[in-house]
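Right, one structure below, let's go through it.
Within every chain, numbering begins at 1; the chains are lettered A, B, ... in the order of the sequence lines, protein sequences first and strands thereafter. In what follows, every heavy atom counts, from backbone to side chain, and hydrogens, waters and symmetry copies are set aside. Predicted, not measured: the structure shown is a model, and the values here were computed from it.
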Amino acid sequence: MSEISKAYEPQSVEDKWYQFWLDGKFFVADAQSAKPAYSIVIPPPNVTGVLTLGHVLNNTIQDILARKARMDGKEVLWLPGTDHAGIATQTVVERALKKEGKIKHRDDLGREKFLEEVWKWKNEKGGIIIQQLKKLGASCDWTRERFTMDPEYSRCVQRVFVDLYKKGLIYRGKRMVNWCPASLTALSDEEVVMKEQKGFLYYFKVEVAEIPGTFLTIATTRPETIPGDTAVAVNPKDPRYAHLIGKHVVRPLPVELPREQKLIPIIGDEHVDFEFGTGVLKVTPAHDKADFEIGARHKLATVEVIAANGQMNDAAGADLRGLDRFKARKVAVEKLTELGALEKEEPYTNNVGFSERADVPIEPRLSEQWFLKYPSVEKSRAVVAKGEMKFHPDRWAKVYDHWMGSLQDWCVSRQLWWGHRIPVWYSEGWKKLSQKIVFVRLTGHELAGRNVKELREAAFTFAKSHGILGQSFLNLDSHQNITVHKASLEHAFSNFGVANVKLVPGLPDLLRHAVKVASEPHLPPSESVISVETYFSALQVGDQIFRVKFRVKVFPDNFRLYDHQAVMLWREKENEPDGNKSPEAQFPKEQTSRPASGSTLLLRDLVQDVNSDPAFTRSQIEPPAENWVQDPDVLDTWFSSWLWPFATMGWPEQADTLKKFYPTTDLVTGPDIIFFWVARMIMAGYEYMGALPFQNVYFTGIIRDKQGRKMSKSLGNSPDPLDLIAKFGADALRFGVMRAAPLGQDILFDEQNVELGRNFCNKLWNACRFRQMQGGEVQGEIEPTLLSSDDKWILLKLDAAIREVTIALNEYKFSDATAALYRFFWGEYCDWYVEATKAVFFGTDEKRKANTLAVIDFVLSHTVRMFHPFLPFITEELWHGMGYATDMPDNQGGKTIMFAPWPMPLDEDFKGHYGLDDCYLEIAGAKYELVSQGRNLRREANISTGKKIKYVLKPVNFLPPHDVEVIRLLLNAETVEVNENFQPPKGTLTARTELGELYLPLEGLRTPEELAAEKARVANELDKIEAEIAKVEQKLANPKFMEKVPPAVLQEHSQRLAEWLAKRDHAKAALGALS
RNA sequence: GCGCGGUUAGCUCAGUGGUAGAGCAUUUGCUUCACACGCAAGGGGUCGCAGGUUCAAACCCUGCACCGCGCACCA
């Protein structure tokens, strides 16, 4: 530290050292290293993102862990990167292009051109956050920076998709999905947040067609969907309405339609709650999940009235057509009013699902999407439940477990351009199927039904009546035993398609008697599935015969699950592609089957659905041949993020990095993405690496402002971390955030925290400056015989601090660690030790001065290292400036504090050699307590701090002269007279301490008022003492207490009583001395 | 509705059965030769409420209230 400025100036230090670290390649992880590995992957921030306080919190923790691990001698990989963030990025770029006037809509450019623009934007403006992380001091291995759209990474994503497809875990289906009318894409359930919305419940009446003059009143929050209503439902048990079931009502909208086209049936459905509203429910199968189910049960038509963009379509009628859905709501109410149908409207609050990103209400919408049935679920669930993977704080394990226990299939397709395009190809040449379907026949047994409900009932009846449940059946062709579990039936019924429902109950029968079975080589097994066998069968639908391909999964205990099958509908009599009748020949080696459709489709919809798509479907990365077109959708961004821990390490080719650093040690992330990311990474880790992706997960709190509100742009309450760094320094920001971030709690952010960090850095700086001002080289050897009680005290305190901080870090208690460091350094080292050393430095004993410097150097060199993970910049500056680097080997702190060893607690040999007995904590502690008391006396006497005064000490035991000198200095006294026979004159203030009585003779200097005030104060204190004595005495007087209390506690109570009694005596004496 | 957290000084929070704590804020006094981004000394709490267990409860149990979060939801 050649130039010593009075205050620490981070700006002149931080960039210099960061560049130094980069130049030295200190962040680069060596996969060949012999050191034990420590690894952590960054939660990839959005490539469009800018640094927020949330990132600061998160990445500071990771940096602390990484830097600490380096100091522990580990080979550290902190792997950084960014996420392509499909919706967010596409929106940002789209908005930017619109602003520049380049486009009005993304369609103006077309997919290719638009993607070019996105890449351009990404390369020019993306990744700002990476530069910002550097400002924060993040010690990431930037040579390994990854982006989820990197070619290698994209290939991993595609590979995984194809693999899951082949395992039968990915399927396509037409389902009700969460549709975002702003982003024009489907969303997963996790991307929908429920929000309370204030609105109205509208009551309108409809006439029963068969009984003129009879009206039903319906309550709804969505009158704009009336044109899409295809029934009115009541509970069949509701006495008010049951008799009306089967009759019809006249739907009021659209106004212009003739009455006969607006007749919709009154149906009975148990789903209807007759407590709610009027007990009459309008059913809009196209725009409500529950209504869709009702529609499926009652074979209702599905009339879509809201288009993908949230505007009403033609079917909504002339009045609503083209209007936004919310505007349409108002107009619909007006129309109802005009018709005289509106009875009333009352304010109503309900929960509405919002798109998390676009912050608009989502629209349930029937559409064709890709779904994933999660892999490796049981293992992933068990590893956390059993505590093999630890969550910190562990209450998140319960949340995780709950979610894992009720997994819904993941909608992975997005109708966007920016992202990984789904690696599925469709061939042309599909011939349309006839839509005439009368019944379904499974050879030998009929399971007839026109919709799922009927089929399901038939299937259950069939399974029951044939005693199939729990039975084993021998397949005569393959000689395999097939057992039907109840679970497999339920599973199939609840999760899979119509075809599955048809097949499962009949399957053993098919295998036994009728089906012409072929087998295929099994597909790549996962750990929980030994093999997947493929069979073909025939299915007759009306006059057509279809080939059906289905799959049987074989589990380790020989349990067989018919949980996925691909249905291939084929017209038997014509269109045989090559005339080859063998079923195998119909299905090329690659996956060509088309998975079953959604569970709630009508059969005719299934056929329609199949017709609407190309026949041949293959999932593979490269196009199979010419004339094959790729699925236009891209994958959910999280479908790439969930591979992050291993895809970033070069999976599957580069084995060395993976071998060294996978599984990673820690993951640091926010609890808000526990389902989005953490849970999915665990499942992917098991599925593809056969091992958990990380050993520990640390969940940070969420940063809020000091009023407890979430940080948000619109509130303007999110300070820019870069501004804070510029104003206070990166170390200050890190320290401030860490101090305010207890494990598992939300963090209420206040700039004062950062200010405190800045002040702390300044304190550290000045403490070192003080050391430098005493001169001399770095002192190595400490001479045990020259150690004062102060020296021993601070060494013991250092020892305690090392232990405390190390334990806190091991337990991920960062705020405890910073609090311990703060307390030790400021409250113990600076406040007491440094002040005490002035007695040495202001004196003339040169040997003692040198020895004190040695102690200071010992303490500071340890302290600076302990601070390094928290305050990387200032500690590096001090490490070099103070000369502590010079004595160290190059790879252990000689070059950089980054590799200096983490301080070890002082061992017994060390303590023995230097005479560091715990009694010195008491001895020096008593001394400092005496000083506090003495200062208190001065204050009571109203004597200003600067004024030199005289104290008298009547010691209990001998006190070394050096200690008396320390006391004198700390009291800022002219003299401290040691006098065993001191008789205090009247008006002398006294304090009782462990070391003896301390007096502040005032020699009549005080006014009567001052004396009176003093007397009042002592009297007050006496009262408190009496109260304490009474409390303890009462306890001791209780016979039950004396009988049952453990001896140690009794001892403690008696001792406490004795202390209070002595204090009382002293206070009484003091009172006497004052009067 | 179900579940999980929380309720301790003005604020933010520690505190796993035996004397209620820290930081900030506040009051007062100090430009004391490392630091005013500082030093020193104070004031300030029925530990959410009500029961129970115990010699002893902020702490364990039960119930309630309020706040926050998650999940599931009735139009």
Side-chain angles (χ1 to χ4, degrees), chain A residues 4 6-8 189 194 201-202 218-222 225 233 271-284 288 290-291 348 350-351 393 395-396 398-399 402-403 406 671-672 674-675 702 704 706 708 728 732 739-740 742 744-750 752-753 755-774 813 815-816 819 822-823 826-827 830-831 834-835 838 842 931-933 935-940 942-948 969-972 1028 1031-1032 1035 1038-1046 1048-1050 1052-1053 1056 1059-1060:
Chain A
I4 310 170
K6 197 170 169 182
Y8 172 58
D189 295 342
M194 298 309 269
L201 195 53
Y202 302 95
I218 303 173
T220 182
T221 53
R222 302 202 63 184
T225 61
H271 171 260
V272 180
D273 174 3
F274 43 92
E275 307 272 307
F276 189 90
T278 58
V280 185
L281 172 68
K282 71 193 235 354
V283 183
T284 325
D288 184 280
D291 288 5
Y348 184 69
N350 65 341
N351 281 328
R395 66 191 156 88
W396 292 110
K398 282 184 197 162
V399 177
H402 181 256
W403 191 74
S406 55
D672 48 335
I674 183 167
F675 309 137
I702 291 170
R704 298 168 179 281
K706 58 181 166 183
F728 298 109
R739 238 185 87 91
Q745 302 266 358
D746 285 357
I747 295 104
L748 272 64
F749 182 82
D750 188 335
Q752 275 186 346
N753 295 329
E755 208 173 312
L756 181 118
R758 189 260 323 252
N759 295 352
F760 188 80
C761 289
N762 191 54
K763 189 75 175 176
L764 181 60
W765 181 258
N766 273 292
C768 289
R769 206 174 134 223
F770 173 78
R771 158 65 186 88
Q772 293 303 76
M773 289 169 82
Q774 306 316 317
K813 292 179 175 169
S815 64
D816 287 9
Y822 188 95
R823 189 213 60 228
W826 198 312
C830 291
D831 285 352
V834 170
E835 294 307 317
K838 289 177 182 174
F842 296 171
V931 170
S932 282
Q933 297 260 20
R935 287 165 174 168
N936 192 357
L937 294 183
R938 173 197 287 266
R939 163 103 172 117
E940 280 160 23
N942 232 341
I943 302 168
S944 76
T945 327
K947 195 169 178 188
K948 298 281 181 192
L969 193 86
L970 293 179
L971 283 171
N972 196 28
E1028 290 296 334
K1031 238 161 78 180
V1032 184
K1035 265 189 157 180
N1038 186 342
K1040 281 186 180 170
F1041 175 81
M1042 299 302 284
E1043 191 184 318
K1044 297 198 175 178
V1045 75
V1049 175
L1050 178 61
E1052 191 202 318
H1053 276 72
R1056 197 194 314 157
E1059 276 169 28
W1060 284 117

* In terms of side-chain heavy atoms, does A/N766 have a donor or acceptor partner in A/R769 at a distance below 3.5 Å? ->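 On atom types as modelled, these side chains qualify, holding a pair under 3.5 Å.
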Rounded to the Å, how far apart are [X] [atom1] and [N] [atom2]?
X	N	atom1	atom2	value
A/N936	B/G29	CG	P	16 Å
A/D288	B/C74	CG	C1'	10 Å
A/K1040	B/C55	NZ	P	6 Å
A/D672	B/G68	CG	P	18 Å
A/H402	B/G5	NE2	P	14 Å
A/M194	B/G70	CE	P	12 Å
A/F1041	B/U54	CZ	C1'	13 Å
A/R938	B/A41	CZ	P	11 Å

Would you indicate, yes or no, if [N] has its OP1 or OP2 atom less than 4.0 angstrom from a side-chain nitrogen or oxygen of [X]?
X	N	result
A/Y348	B/C74	no
A/S932	B/A41	yes
A/K1031	B/A20	yes
A/K838	B/A34	yes

* Sequence neighbours left out, what passes salt bridge (Lys or Arg N to Asp or Glu O under 4.0 Å) with A/R1056? Give chain and number order. => A/E1052
* Using 4.0 Å as the upper bound for N to carboxylate O, is an ion pair formed by A/K1040 and A/E1043? -> no
* By ring-ring contact (aromatic ring centres under 6.0 Å, His included), which residues pair with A/Y202, not counting sequence neighbours? ->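 A/Y202 satisfies ring-ring contact (aromatic ring centres under 6.0 Å, His included) with no residue once adjacent residues are dropped.
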* Sequence neighbours left out, what passes ring-ring contact (aromatic ring centres under 6.0 Å, His included) with A/F675? Give chain and number order. => A/W403
Find every protein N or O atom lying less than 3.5 Å from an N or O atom of nucleotides 22-27 of chain B, and list the pairs.
from, atom 1, to, atom 2, distance (Å)
B/G23, O4', A/R739, NH2, 3.4
B/G23, O2', A/R739, NH2, 2.8
B/C24, O2', A/Q752, OE1, 3.1

Look through every strand shown and name the nucleotide pairing with [N] as Watson-Crick or G-U wobble, where both distances are under 3.5 Å.
N	answer
B/G21	B/C13
B/G44	none
B/U62	B/A50

Considering only [options], which nucleotide approaches the side chain of [X] most closely?
X	options	value
A/T220	B/A34, B/A72, B/A75	B/A75
A/R769	B/A34, B/A75, B/G5	B/A34
A/E1052	B/U19, B/C55, B/G70	B/U19
A/F770	B/A75, B/A34, B/G5	B/A34
A/P1046	B/A72, B/G18, B/A41	B/G18
A/V399	B/A56, B/A75, B/G70	B/G70

* Asked: Can you find a donor-acceptor pair, distance only, under 3.5 Å between A/N1038 side chain and B/C55 base?
  -> no
Where do N or O atoms of nucleotides 36-39 of chain B meet protein N or O atoms at under 3.5 Å, pair by pair?
from, atom 1, to, atom 2, distance (Å)
B/C37, O4', A/N759, OD1, 2.7
B/C37, O2', A/N762, ND2, 2.8
B/C37, O2, A/R758, O, 3.4
B/C37, O2, A/R758, NE, 3.4
B/G38, OP1, A/N759, ND2, 3.3
B/G38, O3', A/K763, NZ, 3.1
B/C39, OP1, A/K763, NZ, 2.6
B/C39, OP1, A/W826, NE1, 2.6

* Asked: Is the backbone of A/D288 close enough, under 3.5 Å, to the side chain of A/R222 for a donor and an acceptor to pair up by distance?
  -> no
* Structure fact -> Residue set satisfying side chain to side chain contact (heavy atoms under 4.5 Å, CB included) with A/A819, at least two apart, ordered chain then number -> none
